[in-house]
Visitor: 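Just passing along the structure, written as structure tokens.
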Number of protein chains: 2
Amino acid sequence: MGEPTIRDVARRASVSVASVSRALNGLENVRSETRDRIMAAVTELGYVPNAAARSLSLSRAHAIGVVLPDLHGEFFSECVRGMDREASRRGYLLLLSNMHDDSEQSAMALRAMRGRVDGLLVMAPHIAPASLERALPQALPAVLINAPGEVTSRPGLRIDNRAGVDAMVRHLLDSGYRNIVHVAGPDGNVDAQERAGAFRDAMQRLAPDLPARIMAGDFTEEGGAAAAQEILEGDAPIDAVFAANDMMAIGCLHALRAGGKRVPEDIGVTGFDDVPLARYLDLTTMRVRIADIGARAVARLVDMLDGQGPGDGTELQAPELMARSTTMPRAASSAVPRA
Amino acid sequence: MGEPTIRDVARRASVSVASVSRALNGLENVRSETRDRIMAAVTELGYVPNAAARSLSLSRAHAIGVVLPDLHGEFFSECVRGMDREASRRGYLLLLSNMHDDSEQSAMALRAMRGRVDGLLVMAPHIAPASLERALPQALPAVLINAPGEVTSRPGLRIDNRAGVDAMVRHLLDSGYRNIVHVAGPDGNVDAQERAGAFRDAMQRLAPDLPARIMAGDFTEEGGAAAAQEILEGDAPIDAVFAANDMMAIGCLHALRAGGKRVPEDIGVTGFDDVPLARYLDLTTMRVRIADIGARAVARLVDMLDGQGPGDGTELQAPELMARSTTMPRAASSAVPRA
DNA sequence: CGAAGCGACGTAACCGGTTACATAGCCTTC
DNA sequence: GAAGGCTATGTAACCGGTTACGTCGCTTCG
């Protein structure tokens, strides 16, 4: 009545279940005539192996658990797209579960994956590493995405914020901007902190004579606009705003233009992330290839599962400068010494 | 060595595996003292039931397979977000697989889900219903999302394009626009066809005296701009453009303004979908709650699985008018008779 | 010619749960 | 006080695969 099982196939092909299993898994020690009979039976019955039974006896599910926070649109889909691409290339399926803020429920979701997946991909930007480590089944290999710092023993994958900020600061200096202010993200956010710190360092290193101003922000468009207001009303001779993300850069851009500034002539504006809107507004920014991060995370995890060693530590994904029309080479430009 | 099994728990609590299973599944016939001993053993050992074993013996996986095409960002993530929300409320996990254009590989992905999922959520806008029906395991319940027409016997979920177009046409007429042109989407797309057809019908019904012009388009920004050029250069007295999606509306909006037209005074522009960019540009459009569609799809599927009957046929999700600043009530306005 | 070796194949145990059925202990009831 | 019923619990079969091990027949070689 139900779906055909391997025993049905065996009966139909007049062989034992062992032979069917061997034939299906491409083992060598099956006579080709036998194999043909088995394959015929398989197609006649429309047999498909039951994955649950397979996982149970192999203790291998060929599936990867993906636990993501409630991400904003583009980021989420790009990440999953990259994961799916790599996973399906490698013959794995993705088991998805949003990690809700409720850590109780997240723990539930994690347990529910027990026995279903061979490894975990976890993005938990706002979870303390210690409690994360506790929630993670210690038996399961896991790759952490954008986890805060090196605090964990798990292999990880992160945006190379330092390299990105470096490239952007260099671009601004090369273009001739001299009075650069960084609008930082919220305190709680790891990327925000890292970008702000990197900005300070980059300025110190690349242009020690110039001031490295940092303003507070919150990653929102309104926050960017507020920063712009402050700049318009202040008396500091700012000629470039480097926002810690694109949304703030966009808020900034509008407010500055509304305030009578010409961008990029009077003042340059740049962001970070390269959201679709940035491309649309022709905003200079750092492109973060999120899909690649997802794909690499899968690749590393599968390598671990196949015993290729744990890979070492945290891998960084370098963003790419997208120089567009909110910055321009300026008259007063002077070369910056290469590091 | 490996993870503890139910037998380990049974041994530790000095009971049989049957009692452990009963206690864990909340069966009534377990003495509370016994239950406590079992629970203690569970937490001491850190026992988590193996899902594969569970699915095998119950033939119930508590997971839902999700097969989506390679969707564009926002749509994908919204849809999955809605699904995940509802699925986790109902105690289900999501098994994800992008359906690549390669139908061979898609079939593979579908078989790989055999035994892993209790049902399928399939979005296949560009697959012929017949071949889809063939690829789908006939034993698995499935809910089709945005499937073309009623051609299939499976329950489905679709955007109510007719209602949406109706509402928009009514809004334009109410606002006083009289010479409305619809910029259609690509021929192959079901939504595009439906919207164009609905536009013709709505105009016929709500304003039989007015012309119902339709121009060809392709759902891209460039396509919208091209249509706008044609309007600018033509001599028809167009005073409103209703694009079949937001991206075309945006292309149109820019081209019209670049061509010297004032929007919304000289000409109204509207779209469909309410992508984030539309909100940003303050474009009048129809909001499609994609997340709700995903959530409803899960809800219906789970109802089917729980034997609540198959639900009947295709359910429609009504879009919502977002009247923003690319349309406005005009002087020459005259009321339109309500249907 | 018999033993050893080898390749193809079958038998049955196992993976880790669930559950039908058996059993045992206790309480009722006449 | 024995029979019957009820409840808590144990035993073992089963879900559908994989695979260690055994069997069988044939070839090869001393």
Side-chain angles (χ1 to χ4, degrees), chain A residues 1-39 41-42 45-63 111-118 137 139, chain B residues 1-39 41-42 45-63 111-118 137 139:
Chain A
M1 269 306 85
E3 303 283 305
T5 76
I6 197 174
R7 284 165 234 272
D8 298 324
V9 176
R11 195 166 11 237
R12 178 150 188 132
S14 315
V15 294
S16 73
V17 293
S19 292
V20 177
S21 178
R22 282 191 275 256
L24 287 178
N25 293 317
L27 279 294
E28 281 312 314
N29 46 351
V30 182
R31 234 187 334 155
S32 70
E33 188 229 332
T34 311
R35 181 186 308 274
D36 292 347
R37 253 201 350 271
I38 291 172
M39 288 314 183
V42 165
L45 294 174
Y47 168 74
V48 179
N50 181 306
R54 212 140 188 285
S55 322
L56 180 56
S57 84
L58 291 177
S59 353
R60 210 56 163 24
H62 277 276
R111 350 201 126 270
M113 290 193 170
R114 167 74 203 287
R116 276 189 227 263
V117 301
D118 302 324
Chain B
M1 269 306 82
E3 304 283 306
T5 75
I6 197 173
R7 285 165 232 272
D8 298 325
V9 176
R11 195 164 12 234
R12 179 149 186 132
S14 314
V15 294
S16 72
V17 293
S19 292
V20 177
S21 178
R22 284 191 273 256
L24 288 178
N25 292 316
L27 280 294
E28 280 312 314
N29 47 349
V30 182
R31 229 183 342 150
S32 70
E33 188 228 333
T34 310
R35 183 186 307 273
D36 292 346
R37 251 198 357 268
I38 291 172
M39 289 313 183
V42 165
L45 294 173
Y47 168 75
V48 179
N50 181 307
R54 214 141 186 283
S55 324
L56 181 55
S57 83
L58 292 176
S59 359
R60 208 61 161 20
H62 276 277
R111 349 201 125 272
M113 290 194 171
R114 166 74 204 287
R116 275 188 226 264
V117 301
D118 301 324

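Here is how names work: the chains are called A, B, and so on, in the same order as the sequence lines, proteins then strands, and each is numbered from 1.
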Visitor: Tell me whether B:R111 at atom CZ has more than 12 heavy atoms from other residues, nucleotides or ligands lying less than 6.0 Å away.
Guide: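 Result for CZ/B:R111: open.
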Visitor: Should B:R7 be listed as having a side-chain N or O under 4.0 Å from OP1 or OP2 of C:dG17?
Guide: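 No, no such contact exists.
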Visitor: Reckon A:V30 touches a base, only the sugar-phosphate, or nothing at all at heavy-atom distances under 4.0 Å?
Guide: sugar-phosphate
Visitor: Would you kindly compare A:L58 and B:V17 by the position of their nearest DNA chain D nucleotide and give the one closer to the 5′ end?
Guide: B:V17
Visitor: Under 4.0 Å from OP1 or OP2 of C:dC15: is there any side-chain N or O of A:S59 that close?
Guide: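 Checking A:S59 against C:dC15: no side-chain N or O falls below 4.0 Å of OP1 or OP2.
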Visitor: Would you tell me if any nitrogen or oxygen in the side chain of B:S16 comes within less than 4.0 Å of OP1 or OP2 on D:dT9?
Guide: no
Visitor: In whole angstrom, what separates A:I38's CD1 from D:dG17's C1'?
Guide: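 Atom-to-atom, A:I38 to D:dG17, this comes out as 15 Å.
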Visitor: Could you grab the distance from atom CG of A:N50 to atom OG1 of A:T5, nearest 0.5 Å is fine?
Guide: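 Between atom CG of A:N50 and atom OG1 of A:T5 there are 9.5 Å.
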Visitor: By nearest nucleotide on DNA chain D, pick out whichever of B:S14 and A:R22 is the more 5' one.
Guide: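 Upstream on the strand: B:S14.
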Visitor: Scan A:S19 against the nucleic acid and name what it touches under 4.0 Å (heavy atoms): base, sugar-phosphate only, or nothing.
Guide: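 The residue A:S19 makes sugar-phosphate contact but no base contact.
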Visitor: Is the closest side-chain heavy-atom distance between B:N29 and B:R22 below 4.5 Å?
Guide: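 Heavy-atom side-chain distance check passes, below 4.5 Å.
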Visitor: Reckon A:T34 touches a base, only the sugar-phosphate, or nothing at all at heavy-atom distances under 4.0 Å?
Guide: sugar-phosphate
Visitor: With the side chain counted from C-beta on, respond yes when A:Y47 and A:D8 share a heavy-atom pair under 4.5 Å apart, and no when they do not.
Guide: no
Visitor: What is the separation between atom CG on B:N50 and atom P on D:dC15, rounded to the nearest whole Å?
Guide: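 In whole Å, D:dC15 P lies 18 Å from B:N50 CG.
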Visitor: Taking OP1 and OP2 of D:dT19, is either one under 4.0 Å from a side-chain nitrogen or oxygen of A:S57?
Guide: no
Visitor: Specify the separation, in whole Å, of atom CZ of B:R11 and atom P of D:dG10.
Guide: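 It works out to 14 Å between those atoms.
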